Amino acid sequence: MDFDPRSPEFIADPYPAYRRLRERGRAIWYEPTRQWLVPHYADVSAALRDRRLGRTYLHRFTHEEFGRTPPPAAHEPFHTLNGNGLLDLEAPDHTRIRRLVAKAFTPATVRRLTPTIDKLAAELVDALCADGGGDLLAGVAEPLPVAVIAEMLGIPPADRGLLRPWSAAICGMYELNPDDATATAAVRASLEFSAYLRELIAARRTAPGDDLISALIAAYDEGDRLSEQEMVSTCVLLLNAGHEATVNTTANGWWTLLRHPDQLELLRAEPGLLPTAIEELLRYDTPLQLFERWVLDDIEIGGTTIPRGSEVALLFGSAHRDPVRFADPDRLDLARADNPHLAFGAGIHYCLGAPLARIELAASFGALLRSAPGLRLVREPEWQPGYVIRGLRELLVEV
């Protein structure tokens, strides 16, 4: 099998391997990670909505009952932080916390942020242009979503430089079979990030502000119970999820556009295509390539019974290139209208921040299209070693 998430060649272009996986079947056992790979769109979409699958199993089973070895005690700070956030919770805790956090991500709230986001995107792009170019990832893709989610949470501007390194270290644990160095870095970042947020929460209890942390504290005082650990974990998740996907969609998207000059010229000529173009970029080279689920009760995929206690790896990148669902899926079509991609997930774990991410992407892509019409690549970029969250090291451009 040429599915090899540790191979730089595979990470750079996994799509030929996905095609061969889809030809092999609908559920394929992968021994190196002891997971069932699910490569077809219909199966991935159905699995995201299937309550027999869960992001965790600890709401129903102990590690031993589920046939799993508990994680090493040294990793406990990471698992405590990660396990109390929305991404890795199931009902009823997931329902309770999501209801509270959703109040900050209503369409009306997000729309109110649009002028601020547009202004910040324009300033970042203007700075890139004034320098004659540079690293689009570090200059535009990273600072925009970090600033927006930090503003929503009430992180002081002077502290925002801490967030991306902490986030990158923690997200390293989402990769397949992370090594000891990755785990050590994630544990350290979990401890530092948690300690920072506990101090910030204490400060907001004394002096509330117009931010999400203050709102979560107020909700607790009014009877909507959210423990301090749940509050810390929720803030970390929002900061991580609130920018990781947007950063990589921006950089990966521009790398895609620069390799498809006909589509880039079409978008420049017809800026009204931008909303559908963003959806197509999310489909064509999605930043989250794989999403895992635990099998809580036996399921069947394509005639294969997958027993309770197993883990399935839902291959978003493969699903988005499935010709059964997408016409000519390997072709970039910025005008593609029928585009039900899964980049933001589905079911109860559908991304709360999807409306915000779309506004941020529209702001940065729009500003670059307007202010940098001669944008061109300096050299072909290299990919980060991570596969699950797949992104570039840098994207050097000239204006």
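All values below were derived from every heavy atom in this structure, side-chain atoms included, with hydrogens, water molecules and symmetry-related copies excluded. Given the structure is predicted, the values throughout are model-derived calculations rather than measurements.
- In this structure, CD on E311 lies 11.5 Å from CD1 on I306, to the nearest 0.5 angstrom.
- For R321 and Y41, the positive end is not near the middle of the six-membered ring at less than 6.0 Å and at most 45° from its axis.
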What verdict does the side-chain contact (heavy atoms from CB on, under 4.5 Å) test give for T246 and T249, after you've listed the backbone C-alpha separation in whole Å, the side-chain angles of each residue and the deciding distance to 0.1 Å? CA-CA 5 Å; T246 309; T249 298; 5.7 Å; no
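- Here the CG-CG distance, from L290 to L176, works out to 5.5 Å after rounding to the nearest 0.5 Å.
- A side-chain donor from one of S167 and N240 sits under 3.5 Å from a side-chain acceptor of the other.
- Under the side-chain contact (heavy atoms from CB on, under 4.5 Å) rule, W254 has a single partner from V140, V397, L377, L264, which is L264.
- Using modelled atom types, one finds no donor on one side chain facing an acceptor on the other under 3.5 Å when comparing T184 with R188.
- In the model, T276 has no side-chain atom that pairs as donor or acceptor with a side-chain atom of R336 under 3.5 Å.
- Summarising the geometry, atom CG belonging to L395 is positioned 11.0 Å from atom CD belonging to E380; distances are rounded to the nearest 0.5 Å.
- Defined by atom type and a distance below 3.5 Å, a donor-acceptor pair is missing between the side-chain atoms of Y284 and D333.
- Scanning all heavy atoms of the two residues, the minimum distance from A251 to L392 falls at O-CD1, 3.8 Å.
- F3 and Y387 have perpendicular rings, their planes meeting at more than 60° on a 0 to 90° scale where under 30° would count as parallel.
- Note: Y18 and Y15 have perpendicular aromatic rings, judged against thresholds of 30 and 60 degrees for the angle between ring planes.
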Derivation of the side-chain hydrogen bond (donor to acceptor under 3.5 Å, both in side chains) call for R99 and T95: CA-CA 6 Å; R99 183 181 66 248; T95 309; over 6 Å; no
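- Each of N252, L332, T286, T250 was compared with L281 under the side-chain contact (heavy atoms from CB on, under 4.5 Å) criterion, and only L332 meets it.
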Set out, in order, the CA-CA distance, both residues' side-chain angles and the distance that settles side-chain contact (heavy atoms from CB on, under 4.5 Å) for L87 and F291, then state yes or no. CA-CA 11 Å; L87 187 66; F291 209 54; 3.5 Å; yes
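- For R20 and E23, the salt-bridge test fails: no basic side-chain N is under 4.0 Å from an acidic carboxylate O.
- Note on ring orientation: taking the six-membered ring where Trp is involved, the planes of Y57 and F66 are parallel (angle under 30°, cut-offs 30° and 60°).
- Both tests do not hold together for R55 against W294: distance to the six-membered ring centre under 6.0 Å, angle to the ring axis within 45°.
- The shortest side-chain heavy-atom distance between E394 and P381 does not fall under the 4.5 Å cut-off.
- Of all the heavy atoms in S190 and P77, the pair that sits closest is CB-O, 3.9 Å.
- The existence of a salt bridge linking E175 and R6 is excluded, since no basic side-chain nitrogen approaches an acidic carboxylate oxygen closer than 4.0 Å.
- A salt bridge links R96 with E230; the closest basic N to acidic carboxylate O contact falls under 4.0 Å.
- Separation of atoms OG (S227) and CG (N84) is listed at 6.0 Å; rounding is to 0.5 Å.
- Q229 and R198 are linked by a side-chain donor-acceptor pair at a separation below 3.5 angstrom, with hydrogens and angles left out of the test.
- Ring geometry for W166 against Y196 counts as tilted: the plane angle lies between 30° and 60°, on a 0 to 90° scale.
- A salt bridge links D285 with R390: the distance from a Lys NZ or Arg NE/NH1/NH2 to an Asp or Glu carboxylate oxygen falls below 4.0 Å.
- Here R204 does not pair with E199 in a salt bridge; the nearest charged N to carboxylate O distance is not below 4.0 Å.
- Looking at D211 and L153, their side chains never come closer than 4.5 Å, going by heavy atoms from C-beta outward.
- Within a 6.0 Å radius of CG in N177, other residues, nucleotides and ligands contribute more than 12 heavy atoms.
- Between R19 and D322 there is no salt bridge, since no side-chain N of the basic residue sits under 4.0 Å from a carboxylate O of the acidic one.
- In this structure, N82 CG and L237 CG are separated by 8.0 Å, a value rounded to the nearest 0.5 Å.
- Looking at E90 and H349, their side chains do bring a donor and an acceptor atom within 3.5 Å of each other.
- The residues D43 and R26 are annotated as salt-bridged, a charged nitrogen and a carboxylate oxygen being separated by less than 4.0 angstrom.
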